[in-house]
J.: 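Sharing a structure here in C-alpha cells format.
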Amino acid sequence: MSFQAIIGTFELGIIYGIMALGVFLSFRTLNMPDLTVDGSFVTGAAVSVVLSMSGHPILGLILAFIAGGGAGCITAFLHTKLKIQALLAGILAMLALYSINLKIMSGRANIALLNQPTVFSEFEKIIGGDYSKLILASLIVLFLIIIFYLFLNTRLGFLLRATGDNDQMVRAMGVNTDMTIFVGLGIANAFVALCGALLAQYQSYVDVGMGVGMVVIALASVIIGEVVFGISSLMRRLFAVVLGSCLYRFFIAIALELGLPADDLKLVSALIVALAISAPVLKEHYNRLKRKYSPTKPPASK
Amino acid sequence: MLKLAGVSKTFSIGSINEKRALDRVDLSLKPGEFVTVIGGNGAGKSTLFNCISGMYEIEEGQIILDGMDITNQPEYKRSRYIGRVFQDPLKGTAFDMTIEQNLAIALGKGQPADFRPGVTKKNIKYLQERLALLDLGLEDRMKDKVGLLSGGQRQALTLLMATLVKPKLLLLDEHTAALDPAIAKKVMELTRQLVEKENLSTLMITHNMKASLEFGTRTIMMHDGKIIMDIKGEERNTMTVDKLIAQFEKRSGTALENDRMLLS
Ligand SMILES: Nc1ncnc2c1ncn2[C@@H]1O[C@H](COP(=O)(O)OP(=O)(O)O)[C@@H](O)[C@H]1O
Ligand SMILES: [Mg+2]
C-alpha cells in the first residue's frame with residue numbers, strides 16, 4: 001500500500017466514522033435497529049451535491065444534516081405513532097427516501113461535480129498541502145465527537161440513553177419515550193446524512209444507489225471499534241467507533257490490494273458483520289467442541 | 001387522594017381469550033394512607049396498578065388523583081405524580097447507566113428534558129446523602145453501572161428513585177417477591193421508613209398475608225377483578241392471618257388454592 005493510499009484510506013475512514021457515530025446512537029444507545037440509514041445517507045449526499053453545484057458547499061452540509069434529521073423523524077413517526085416495528089419502519093422510510101432522493105437530484109441517477117467548489121477544495125485553498133483533506137475531515141469528526149459527548153451528558157442525553165436501556169423506566173420518570181425516540185433517530189440520521197454529504201463532496205459525485213449496505217458497513221465499524229478499542233467509557237466508545245470505521249476501510253483496502261474483486265465487497269462486509277455479531281455464539285461452540293474432544297480426562301463423576 | 005370509580009378493564013375484547021381483569025372497581029384512598037393489597041394469582045392486582053399508572057387504558061370508569069382527573073392522561077404524564085416499583089428488579093433502572101445517572105434522572109422527574117447537564121456536583125452530593133440513608137454502601141459506588149448491582153440493591157435504588165421527588169401516590173407491586181428473604185426483609189423495612197417519613201399515600205401488593213397485616217393501616221383483598229374485602233381500623237387491628245384466610249374463602253366461595261400466599 002502506498003503512503004498516498006494510506007492517507008486516502010484514513011480520510012475515508014474518518015468520513016465514514018460520522019455515519020458510524022450516528023448508527024452507534026440508534027443501534028447502541030437507543031437500542032433500535034434503524035435501517036433508514038441506507039436512504040438518509042443518499043439524502044445527505046444528494047442535498048450536498050445539489051447545493052455545491054450552485055456554489056454553496058457549506059450550506060449543503062448544513063441542509064444535508066437537517067434533511068437527515070427529517071428522514072429519521074419519518075421512521076420515528078412510523079414506529080412510535082403508527083406502531084410499526086422498528087425494522088419495518090426503517091425499511092419503509094428507506095424505500096420512500098429512494099424516490100425523494102431522486103427528486104432532490106431532479107430525476108438523475110447520478111450527478112458529478114465538475115470543478116465546482118467543495119468544502120475540501122475551499123479548505124485546501126486556505127491551508128494547502130497534501131494533508132488538507134485529512135485535516136479537515138479530522139477536525140469535523142473531532143468537533144462532532146465533542147458535541148455528541150456533551151449532548152449525551154445533558155438531561156435529554158441521559159433520557160435517550162435510558163430509553164435504550166429500559167423505556168418503561170423512562171416513562172415511569174415522567175418522560176415521553178416517543179419524544180426521545182424522535183430525537184434519537186433524528187440525530188442519528190442527521191449524522192448519517194452529514195456523512196453522505198461530506199463523502200459526496202470528497203469524491204465530487206453522488207449516485208442514487210450509493211447507500212446500499214451502508215447500515216451494514218456502519219455496524220461493522222461500530223463492532224470492530226468496540227472490540228478493538230474498548231468500551232470502558234463513553235468518550236472512549238465514541239473514538240472507538242470512528243477508529244473502527246478506519247480499521248474497516250483498511251480491511252477493505254487490503255482485501256482489494258490482495259485481488260478481491262470490487263464486486264465482492266458487499267459480500268465481505270456482510271460476512272464481517274455476521275461473524276462479529278455471532279462471535280460469542282461461535283466462541284461457545286468452539287469451547288464445547290474443545291471440551292468434547294479434549295484429550296484430558298473429564299472430571300470424575302459422582 | 002386517590003379515587004377510582006367503576007373502573008373496568010377487559011383484555012382481548014371479542015376473542016375467545018376475553019378476560020375481564022377489573023370489574024367496576026371502586027376504591028378511595030385518604031392522603032397518607034398505606035394500603036396493602038392481597039389476592040390470589042390472576043385476581044387483577046397488577047392490572048389495577050397498571051390502570052392507575054396508565055400503562056393500560058381502561059374501558060369504563062374514572063380515576064381521580066388529588067383532584068385531577070387522570071383517566072385519559074398518557075402514562076408518562078401521570079408518572080410525574082406516581083412512583084412505581086415493580087416485582088422485576090430489572091424494570092426500575094437503566095442497567096447500562098451509573099447509579100449517579102439513574103438517580104439524576106429520577107431527581108429531575110417533572111422537569112423538561114433539555115440541554116442542562118444531566119448531573120451536577122451539587123446534585124451528586126445530595127444524592128449521596130439520600131443513598132446513604134439506605135445503608136447499603138451504595139453512596140461509595142456512584143460511578144458503578146446499575147447492571148453490577150444485586151436484585152436487592154436495585155430494588156432499594158428503585159424505591160429511592162420512585163420517591164426522590166415526592167409522589168402523590170406510591171405503587172409497589174410485590175417489589176420484594178423476587179428477592180432473597182433476608183434482603184426482602186431489609187427492602188420492606190426501607191419501604192416502611194420511607195413511606196412513614198414522607199407520609200406517602202401508598203398501595204402495596206404483597207403475596208405475604210402476614211406482611212399484609214403488619215404493614216400499613218388498611219388491607220384490601222381482590223378476587224376475580226373485584227375488591228371483595230376492605231378492612232381497616234379496629235377490625236384490622238384484631239385481624240389474624242387465619243381469620244383473613246377464613247374470610248377470603250367465605251367471600252370468594254373458593255378455597256385459597258394458592259399456597260404461595262400461605263407461605264412465610
Ligand atoms: N397484558 C395482558 N394481556 C392479557 N391478559 C392479561 C394481561 N395482563 C393480565 N392479564 C390477565 O388478567 C388477569 C389478571 O392479571 P393480573 O392483574 O396480572 O393478576 P395478579 O397481579 O393479581 O396476579 C389474569 O387472568 C391475567 O391472565
Ligand atoms: Mg401481579
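No hydrogens, no waters, no symmetry mates; every other heavy atom, side chains included, goes into these values. Order of the sequence lines sets the chain letters (A, B, ...), proteins ahead of strands, with each chain counted from 1.
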J.: Under 3.5 Å, is there a donor-acceptor pair between the side chain of R161(A) and the main chain of M97(B)?
T.: no
J.: Once you round to the nearest 0.5 Å, how far does CZ of F158(A) lie from CZ of R116(B)?
T.: 12.0 Å
J.: Between CE of M173(A) and CG of L107(B), what distance do you get to the nearest 0.5 Å?
T.: 10.5 Å
J.: If you count the non-hydrogen atoms of other residues, nucleotides and ligands that lie under 6.0 Å from CD in E57(B), is the total more than 12?
T.: no
J.: Of the backbone (N, CA, C, O) and the side chain (C-beta and beyond), which part of V119(B) lies under 4.5 Å from a heavy atom of chain A, both, or neither?
T.: both
J.: Check whether any side-chain heavy atom of Y76(B) sits under 4.5 Å from a side-chain heavy atom of M179(A), and report yes or no.
T.: no
J.: Taking all non-hydrogen atoms of both residues into account, name the closest pair between A94(B) and D165(A) and its distance.
T.: C-OD2, 3.2 Å
J.: Where on N166(A) is there a heavy atom nearer than 4.5 Å to chain B: the side chain, the backbone, both, or neither?
T.: side chain
J.: Which value, rounded to the nearest 0.5 Å, describes the distance between L159(A) atom CG and D114(B) atom CG?
T.: 9.5 Å
J.: Return the option, out of L152(A), N176(A), L156(A), V175(A), with the maximum number of heavy-atom pairs under 4.5 Å with chain B.
T.: N176(A)
J.: If you count heavy-atom pairs under 4.5 Å with chain A, which of Q101(B), R80(B), K91(B) comes out on top?
T.: Q101(B)
J.: Need one label for F86(B): side chain, backbone, both or neither, based on atoms under 4.5 Å from any heavy atom in chain A.
T.: side chain
J.: Looking at CG of D96(B) and CG of N31(A), how far apart are the two atoms once the value is rounded to the nearest 0.5 Å?
T.: 9.5 Å
J.: Not counting sequence neighbours, which residues clear salt bridge (Lys or Arg N to Asp or Glu O under 4.0 Å) with E226(A)? List them please.
T.: R28(A), R237(A)
J.: Does any heavy atom of chain A fall under 4.5 Å from the side chain of T93(B), the backbone, both, or neither of them?
T.: backbone
J.: Minimum heavy-atom separation for S79(B) and R171(A), please, with both atom names.
T.: OG-O, 2.8 Å
J.: Side chain, backbone, both or neither: which part of K109(B) has an atom under 4.5 Å from a heavy atom of chain A?
T.: both
J.: Does any part of the side chain of Q168(A), heavy atoms only, come nearer than 4.5 Å to the side chain of M55(B), both counted from C-beta?
T.: yes
J.: Crowded around K283(A) NZ? As in, over 12 foreign heavy atoms under 6.0 Å?
T.: no
J.: Should we say atom CD1 of I58(A) is surrounded by more than 12 heavy atoms from elsewhere, each under 6.0 Å from it?
T.: no
J.: Most heavy-atom pairs under 4.5 angstrom with chain A, which of M161(B), R84(B), K77(B)?
T.: R84(B)
J.: Count the heavy-atom pairs under 4.5 Å between each of P74(B), G92(B), S53(B) and chain A, then report the option with the highest count.
T.: G92(B)
J.: Decide if atom CD of E198(B) counts as having more than 12 heavy atoms of other residues, nucleotides or ligands within a radius under 6.0 Å.
T.: yes
